[in-house]
Amino acid sequence: MKLEAVELIRLNVPLKSAFRTSFSSVNMHEVVWAHAVTDVGEGWAECGANDRPDYSSEYHTGAMAVLREFMLPDLFKLNNDLTAESVAPTLEWIKGHRMAKAAIETSLLDAQLRSTNTSFASYLGATKDRVPAGVSVGIMDSLDELMEYVHSYLDQGYMRIKLKIEPGWDYDPVKLVRETFGPDLLLQVDANTAYTRNDFDLLKRLDEFNLLLIEQPINEEDMLGHAKLADYIETPVCLDETIISADIARDAIELGAAEIINIKPSRVGGYLESKKIHDVSVAAGIPVWCGGMLETGIGRAANLALAAMPGFTLPGDTSASSRYFETDTTEPFVLVDGHITVPTGPGIGVDPIPEIVDRYAVSREWIKA
Ligand code: OSB
Ligand code: MG
């Protein structure tokens, strides 16, 4: 196919309630979309970058800049030789910026698959038509508030609870949730790098709660530290921020730093690299699950297709649209019996709703070949 133009859309999508992690508290999902126009049709993708470089080094206006200045000019130059599969090799010379790369590659994969009537799920080799949904629960102002939210998510049918933790909000909230909801609740925690190598004894205290996993306890660059921690505690160590490629995933597994892997397509540069990480992990016997970046329907749809691959044996953060949004940008994804249905239509299988995009868009910029 040939890339004719890309529209970069910045949207501010209000969240139902503040989402607090160890690195930020947000009331608004400030995000960028890539809307690709090709000679075979159009495609859509949501960039995972936050408004600030707080989860990773990327941020939304930085992603727009690198797309505009470096990525799109190279992809325009490919003319008719462009395929979704050629995006990563073409942009390989550009260091980092994986979320920007993921956005453009995914929008082109969407266009390409729509043009051949193929769904993301079948392209990726998905084997499930619905996936169990977990929910990521932010840090709260009080334990009472936390209990209200966890109660409500379990009432809605979520199959797994992930508690965000940080120093000062760890042992007590985890203990309360475990004691209140019992030993059968699938429960895990995510620190988003908030701890250090000096905190291993504190983290070991969580062993008594039989957690599914602890996600990214320490610095993302400290792979050896994670391997040491994995030896020291019983709770399986799961990596999120550290795993930026299939090569890194292979190393983390071999070093014993990743006993479980959170695959987030945006973080690793897209769905093709995600598939590679899935394959590396399955070959090594490492369970994977699908993480998220609070995606609206455009990003959520593609994540659900990935989560339907056979190696995704743990519930992901692929929750319903209503977890975050009063009004999603697409037809909402709904929770049924704790599961979300995997889209089967061409490409990502959902379309943006124009009036809603108009309502949330704060800027729209066309970049043409
Ligand atoms: O670490 O998984 C994370 C949200 C933003 C940035 C990082 C993370 C998260 C979440 C929520 O935990 C995932 C989601 O529901 O999309
Ligand atoms: Mg995480």
*Quick one: does Leu109's side chain get under 4.5 Å of Tyr123's, heavy atoms only?*
yes
*Tell me, with the steps shown, if Asp222 and Lys228 meet salt bridge (Lys or Arg N to Asp or Glu O under 4.0 Å).*
CA-CA 10 Å; Asp222 192 2; Lys228 288 176 189 281; over 6 Å; no
*Should Glu365 and Ile367 count as side-chain neighbours, where that means a heavy-atom distance under 4.5 Å?*
yes
*Any side-chain heavy atom of Arg20 within less than 4.5 Å of one from Glu166?*
yes
*Does the side chain of Ser152 come under 3.5 Å of the side chain of Gln156 through a donor N or O and an acceptor N or O?*
yes
*Is the backbone of Glu295 close enough, under 3.5 Å, to the side chain of Arg300 for a donor and an acceptor to pair up by distance?*
yes
_Pair Tyr55-Asp240, side-chain donor/acceptor within less than 3.5 Å_ = yes
*Trp33 and Trp44 aromatic ring geometry - parallel, tilted or perpendicular at 30°/60° bounds*: perpendicular
*Enter the distance from Ile298:CD1 to Thr329:OG1 here, rounded to the nearest 0.5 Å.*
5.0 Å
*Step by step, work out the salt bridge (Lys or Arg N to Asp or Glu O under 4.0 Å) result for Asp199 and Arg205.*
CA-CA 10 Å; Asp199 297 318; Arg205 292 184 68 210; over 6 Å; no
*Partner of Ile104 by side-chain contact (heavy atoms from CB on, under 4.5 Å), out of Val66, Leu8, Leu72*: Leu72
_Sidechain-backbone polar pair: Arg323 side chain, Thr318 backbone, donor-acceptor under 3.5 Å_ = no
*Do Lys101 side-chain atoms and Ile94 backbone N/O form a donor-acceptor pair below 3.5 Å?*
yes
_So Cys238 and Trp289, do their side chains get closer than 4.5 Å, heavy atoms only?_
yes
*Are the side chain of Asn192 and the backbone of Ser22 linked by a donor-acceptor contact shorter than 3.5 Å?*
no
_Once rounded to the nearest 0.5 Å, what's the spacing between atom OG1 of Thr90 and atom CG of Leu82?_
7.5 Å
*Supply the atom-to-atom distance Arg160 CZ to Leu185 CG, rounded to the nearest 0.5 angstrom.*
10.0 Å
*asked:* With rounding to the nearest 0.5 angstrom, report the OG to CG distance, Ser322 to Leu335.
replied: 7.5 Å
*More than 12 heavy atoms from other groups under 6.0 Å of CZ on Phe76*: yes
_Heavy-atom closest pair, residues Ala103 and Ala45_ = O-CB, 3.2 Å
*Take Lys175 and Asp172, measure what salt bridge (Lys or Arg N to Asp or Glu O under 4.0 Å) needs, and give me the verdict at the end.*
CA-CA 5 Å; Lys175 180 178 166 71; Asp172 292 342; over 6 Å; no
_Step-by-step side-chain contact (heavy atoms from CB on, under 4.5 Å) determination, Met223 to Ile248_ = CA-CA 10 Å; Met223 207 194 279; Ile248 297 283; 3.7 Å; yes
*When you check the side-chain N and O atoms of Asp207 and Thr235, is any donor under 3.5 Å from an acceptor?*
yes
*Taking C-beta and beyond as the side chain, do Ser281 and Ile253 meet within less than 4.5 Å on heavy atoms?*
yes
*Do His29 side-chain atoms and Val13 backbone N/O form a donor-acceptor pair below 3.5 Å?*
no
*Please answer whether the main-chain N or O of His339 pairs with a side-chain N or O of Asp337 as donor and acceptor at a distance below 3.5 Å.*
no
_Parallel, tilted or perpendicular: which one describes the rings of Tyr271 and Phe120, with boundaries at 30° and 60°?_
perpendicular
*Among Glu241, Glu215, Gln216, which one satisfies side chain to side chain donor-acceptor pair (under 3.5 Å) with Asn262?*
Glu215
*Where the side chain of Lys128 meets the backbone of Phe312, is there a donor-acceptor pair that is under 3.5 Å apart?*
yes
*In Å, rounded to the nearest 0.5 Å, how long is the span from OG1 of Thr193 to NE2 of His226?*
8.0 Å
*Is atom CD of Glu4 surrounded by more than 12 heavy atoms (other residues, nucleotides or ligands) closer than 6.0 Å?*
yes
_Over 12 foreign heavy atoms within 6.0 Å of CZ, Phe19_ = yes
_Check: Met99 main-chain N/O paired with Glu58 side-chain donor or acceptor under 3.5 Å_ = yes
*Taking the six-membered ring where the residue is Trp, are the ring centres of Tyr195 and Phe200 under 6.0 Å apart?*
no
_Residues Ser86, Leu78; criterion side-chain contact (heavy atoms from CB on, under 4.5 Å); working and verdict_ = CA-CA 9 Å; Ser86 66; Leu78 287 181; 3.8 Å; yes
_Whether Ser122 side chain and Thr118 backbone form a donor-acceptor pair below 3.5 Å_ = no
*asked:* Side chains of Phe181 and Leu187, heavy atoms from C-beta outward: is any pair under 4.5 Å?
replied: no
*For the atom pair OG (Ser25) and CD1 (Ile139), what is the distance rounded to the nearest 0.5 Å?*
9.0 Å
*Please examine the side chains of Ser24 and Asn50, heavy atoms only from C-beta on, and report whether any two atoms are closer than 4.5 Å.*
no
*asked:* Could you check whether any side-chain N or O of Lys204 sits under 3.5 Å from a backbone N or O of Tyr232, counting only pairs where one atom can act as donor and the other as acceptor?
replied: yes
*Would you kindly say whether Asn80 and Lys2 are connected by a side-chain donor-acceptor distance under 3.5 Å?*
no
*Are the side chains of Leu213 and Leu314 in touch, meaning some heavy atoms are under 4.5 Å apart?*
yes
*Going by atom types alone, do Thr83 and Gln112 pair a side-chain donor with an acceptor below 3.5 Å?*
no
